[in-house]
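Contents: one structure, followed by commentary.
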Amino acid sequence: MQDDHRREDEWFRENEKQLLEAARVARERRERERVDKEAASESKRLRDLHYMKCPKCGHDLKEEDLGGVKIDRCTHCEGVFFDAGELDQVFAKKAAERRGFFRRLAGI
Ligand SMILES: [Zn+2]
């Protein structure tokens, strides 16, 4: 009789442990989903606020094609911005083409 009670207690303890573990795993999954959703939402909000806006004065940037290299120029302060890899394209040009690029960039 005593053994039956002990086995029953052990079974309940083990069952409770498994239920608590399943609840913990589910809670952590929901938390990860919440964090991912918030990060995606924040990323979209920042992009909506800043996309093609000058980082110095906040006015619109306009894309210009300068001999195959696309740069972004501010419509207000005339600042010039390169996306990742665009400056590399300028350095990869032959010397004469590079001079031409910088003349177009300077508007001369
Ligand atoms: Zn600007």
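- Separating the NE2 atom in His59 from the NE2 atom in His76 is a distance of 4.5 Å, to the nearest 0.5 Å.
- For the atom pair Arg6 CZ and Arg13 CZ, the distance stands at 10.0 Å (nearest 0.5 Å).
- Nearest heavy-atom pair across Val69 and Glu86 is CG1-O, 3.7 Å.
- Taken from CD in Glu38 to CD in Glu42, the straight-line distance is 9.5 Å, to the nearest 0.5 Å.
- Glu63 has its side chain out of reach of Ile71: every pair of non-hydrogen atoms, C-beta onward, lies at least 4.5 Å apart.
- In this structure, Phe101 is a member of the same hydrophobic cluster as Phe91, with clusters built from ILVMFWY side-chain heavy atoms closer than 4.5 Å.
- Atom CG of residue Asn15 and atom CD of residue Glu10 lie 13.5 Å apart, to the nearest 0.5 angstrom.
- With hydrogens and angles disregarded, no donor-acceptor distance shorter than 3.5 Å links the side chain of Thr75 to the backbone of Leu61.
- Glu64 is not listed as a side-chain neighbour of Lys70, based on a closest heavy-atom distance of 4.5 Å or more.
- Here Leu105 contributes atom CG and Phe82 contributes atom CZ; the two are 5.5 Å apart, rounded to the nearest 0.5 Å.
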- request: Go through the steps for Asp72 and Val80 under the test side chain to side chain contact (heavy atoms under 4.5 Å, CB included), then give the verdict.
  value: CA-CA 6 Å; Asp72 301 319; Val80 173; over 6 Å; no
Check against salt bridge (Lys or Arg N to Asp or Glu O under 4.0 Å), Lys37 and Glu33: CA-CA 6 Å; Lys37 195 174 170 183; Glu33 287 171 358; over 6 Å; no
query: Is there a side chain to side chain contact (heavy atoms under 4.5 Å, CB included) between Arg27 and Glu31 once you walk through the steps?
result: CA-CA 6 Å; Arg27 191 174 55 250; Glu31 176 63 16; 5.9 Å; no
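- Counting heavy atoms from C-beta on, the side chains of Phe102 and Val90 come closer than 4.5 Å.
- Remark: Lys62 NZ to Cys54 SG distance equals 15.5 Å, nearest 0.5 Å.
- Here the side chains of Arg103 and Arg99 are in contact, with some heavy-atom distance below 4.5 Å.
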